[in-house]
J.: 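Quick one: structure below, then a few questions.
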Amino acid sequence: MTGRSCSHAAAERSRQRLPDGGHGALVSTRPDLEPGMARAEQTSTSSALIDPNAETQYLQEWLRQGGSGCLFAQNRAQRPDEPIYASVAMDLADLRSIEAVDELQRALLAALSRDAALIHLRAPTTAAELASALVAFGRSEHWYLAAGSLSDDPDHVLIKLRWPVPGTFVSSEVLGFADLESVPPTRRAPTTTLMLRTALPSKPHPTVHLAQMPYLDHEDDRIDFYWQGTRSARKALTPDAFHEAAQAPITYRLPKQAWEAARKFPDR
């Protein structure tokens, strides 16, 4: 594998106003980052090879630049030599295979001792491809999925994906990231990634989520500052139309047409 690390490859940042009314973020796009990124060796048998380490670098750079609006995530992304995530990758087409989903389950079981896990899907990804992938997750015994819509946003669906932690009554709320206009700006990353907490909550609770990540040493004395900064940044980045979709329990906001087509033709 060749190339510089992502932390040295970020292109010049520029603040751009998003067409949906958001304030934009100081982030580089995937095309901006690609020239300096390490690449996976491509083979003649697979043109869609996914390197989880490279995908994690893309995501970390986006987080480091404040793309998600979360100061805690921004701080952790600045420490690439102290990984807190277990990173795995899945090709979108593989999700139709029971064996591949079972293999993913084994990878997540191995990550139970880590703070969180990243599941990278092939990117760039279309809304139709992502909808099909989520339908596949919903058909697996290892996952729980629910979809609903808002009365004032009939053209989109809000997807909730959960991973029941094996051997417990706890389910992990999954955050979804993708470079799609239908997702909130705070989830519009250069990778198509599912992020979930794999460690159990410190106190009995039916769900576990990323806000329960342990604080870093230098954060302990300034918790209020980091939370206030996070709330302010997310508010500035999130137009009113995305308010509900940007909430932590929501995994993705997708076009209703793409979602219904994926449900109707799950194996397409």
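Along the sequence shown, residues carry numbers from 1.
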J.: Does Lys256 pair with Asp155 as a salt bridge, N-O distance under 4.0 Å?
T.: no
J.: May I ask you to test the Leu175-Leu196 pair for a side-chain heavy-atom distance under 4.5 Å?
T.: no
J.: Name all pairs fulfilling the side chain to side chain donor-acceptor pair (under 3.5 Å) condition that reach into residues 158-175, sequence neighbours left out, sorted by first residue then second.
T.: Gln105-Trp163
J.: So does Ile98 have more than 12 non-hydrogen atoms from other groups sitting under 6.0 Å from CD1?
T.: no
J.: Please give me the minimum heavy-atom distance between Leu237 and Gly66, naming the atom from each residue.
T.: CD1-O, 4.0 Å
J.: Looking at every heavy atom in both Ser151 and Pro154, which two are closest together, and how far apart are they?
T.: O-CD, 3.9 Å
J.: Could you tell me whether the side chain of Cys70 reaches within less than 4.5 Å of the side chain of Leu63, counting heavy atoms only?
T.: no
J.: Within the structure provided, determine whether Leu180 and Leu254 are in side-chain contact (heavy-atom separation under 4.5 Å).
T.: yes
J.: Got a salt bridge between Arg106 and Glu103, using NZ or NE/NH1/NH2 to carboxylate O under 4.0 Å?
T.: no
J.: Any link between Ile119 and Leu145 through a network of hydrophobic side chains (Ile, Leu, Val, Met, Phe, Trp, Tyr) touching at under 4.5 Å?
T.: yes
J.: Is the closest side-chain heavy-atom distance between Phe225 and Leu71 below 4.5 Å?
T.: yes
J.: For residues Val170 and Leu161: do they belong to one hydrophobic cluster (side chain heavy atoms under 4.5 Å, members Ile, Leu, Val, Met, Phe, Trp, Tyr)?
T.: yes
J.: Quick one, Tyr85 and Arg114 - any side-chain contact, counting heavy atoms below 4.5 Å?
T.: no
J.: Tell me which pairs pass salt bridge (Lys or Arg N to Asp or Glu O under 4.0 Å) where either residue lies in residues 194-204, with sequence neighbours left out.
T.: Asp115-Arg197
J.: For a quick test of reading the model, state the closest non-hydrogen atom pair linking Ala86 to Ala111 and the distance between them.
T.: CB-CB, 3.5 Å
J.: Among all residues two or more places apart in sequence or in another chain, which pass the side-chain hydrogen bond (donor to acceptor under 3.5 Å, both in side chains) test with Thr251?
T.: none
J.: What's the shortest heavy-atom distance between Arg64 and Ala77, and which atoms?
T.: N-CB, 3.7 Å
J.: Taking salt bridge (Lys or Arg N to Asp or Glu O under 4.0 Å) as the definition, give me every residue that meets it alongside Asp102, ordered by chain and number, with sequence neighbours left out.
T.: none
J.: Side-chain contact test, heavy atoms from C-beta onward, threshold under 4.5 Å: evaluate it for Leu112 versus Val165 and give yes or no.
T.: yes
J.: Please report the shortest heavy-atom distance between Pro190 and Tyr58, naming the atom on each side.
T.: CG-O, 3.7 Å
J.: Could I get the full list of salt bridge (Lys or Arg N to Asp or Glu O under 4.0 Å) partners for Arg30, not counting sequence neighbours?
T.: Glu34, Glu55
J.: List, by chain and then residue number, the residues other than Leu158 in its hydrophobic cluster (Ile/Leu/Val/Met/Phe/Trp/Tyr, side-chain heavy atoms under 4.5 Å); write none if there are no others.
T.: Leu150, Ile250
J.: Kindly state each residue pair satisfying salt bridge (Lys or Arg N to Asp or Glu O under 4.0 Å) with at least one member in residues 223-233, sequence neighbours excluded.
T.: none
J.: Should Met213 and Leu118 be counted in the same cluster of Ile, Leu, Val, Met, Phe, Trp and Tyr side chains packed under 4.5 Å apart?
T.: yes
J.: For the atom pair CZ (Arg122) and CG (Asp94), what is the distance rounded to the nearest 0.5 Å?
T.: 9.0 Å
J.: Does Arg76 reach the main-chain N or O of Phe72 with its side chain, forming a donor-acceptor pair under 3.5 Å?
T.: yes
J.: With sequence neighbours excluded, what pairs up with His243 under the side-chain hydrogen bond (donor to acceptor under 3.5 Å, both in side chains) test?
T.: none
J.: Measuring from His142:NE2 to Leu104:CG, what's the distance to the nearest 0.5 Å?
T.: 8.5 Å
J.: The criterion is side-chain hydrogen bond (donor to acceptor under 3.5 Å, both in side chains); which residues satisfy it with Thr191, sequence neighbours excluded?
T.: Thr193
J.: Assess whether side-chain contact (heavy atoms from CB on, under 4.5 Å) is satisfied between Asp153 and Arg253, documenting all intermediate values.
T.: CA-CA 10 Å; Asp153 187 16; Arg253 173 183 182 263; 3.1 Å; yes
J.: Between Glu61 and Gln57, do the side chains contain a donor N or O and an acceptor N or O under 3.5 Å apart?
T.: no
J.: Go through the structure and list residues passing side-chain hydrogen bond (donor to acceptor under 3.5 Å, both in side chains) with Thr125, not counting sequence neighbours.
T.: Thr192
J.: According to salt bridge (Lys or Arg N to Asp or Glu O under 4.0 Å), who are the partners of Asp179, at least two apart in sequence or on a separate chain?
T.: none
J.: Work out which heavy atom in Pro52 is nearest to a heavy atom in Val88; give both atom names and the distance.
T.: CB-C, 4.0 Å
J.: I'd like to know if the side chain of Gln212 reaches the main chain of His209, judged simply by a donor and an acceptor atom lying under 3.5 Å from each other, with no hydrogens or angles considered.
T.: yes
J.: Walk me through it: do Gln228 and Thr230 pass the test side-chain contact (heavy atoms from CB on, under 4.5 Å)?
T.: CA-CA 5 Å; Gln228 290 174 13; Thr230 294; over 6 Å; no
J.: If I take atom OG1 from residue Thr56 and atom CE from residue Met195, how far apart are they, to the nearest 0.5 angstrom?
T.: 9.0 Å
J.: Using 0.5 Å steps for rounding, measure from the CG atom of Leu95 to the CZ atom of Phe137.
T.: 5.0 Å
J.: Does Phe242 form a side-chain contact (heavy atoms from CB on, under 4.5 Å) with Thr186? I'd like the steps, not just the answer.
T.: CA-CA 10 Å; Phe242 290 101; Thr186 51; over 6 Å; no
J.: At what distance, to the nearest 0.5 angstrom, does OG of Ser132 lie from CZ of Arg263?
T.: 12.5 Å
J.: For Arg187, enumerate each residue passing the salt bridge (Lys or Arg N to Asp or Glu O under 4.0 Å) test, keeping only those at least two apart in sequence or located in another chain.
T.: none
J.: CG of Leu134 to OH of Tyr252: how many Å apart, nearest 0.5 Å?
T.: 6.5 Å
J.: According to a 4.5 Å side-chain heavy-atom criterion applied to Ile, Leu, Val, Met, Phe, Trp and Tyr, with indirect links allowed, do Leu210 and Trp62 form part of one hydrophobic cluster?
T.: yes
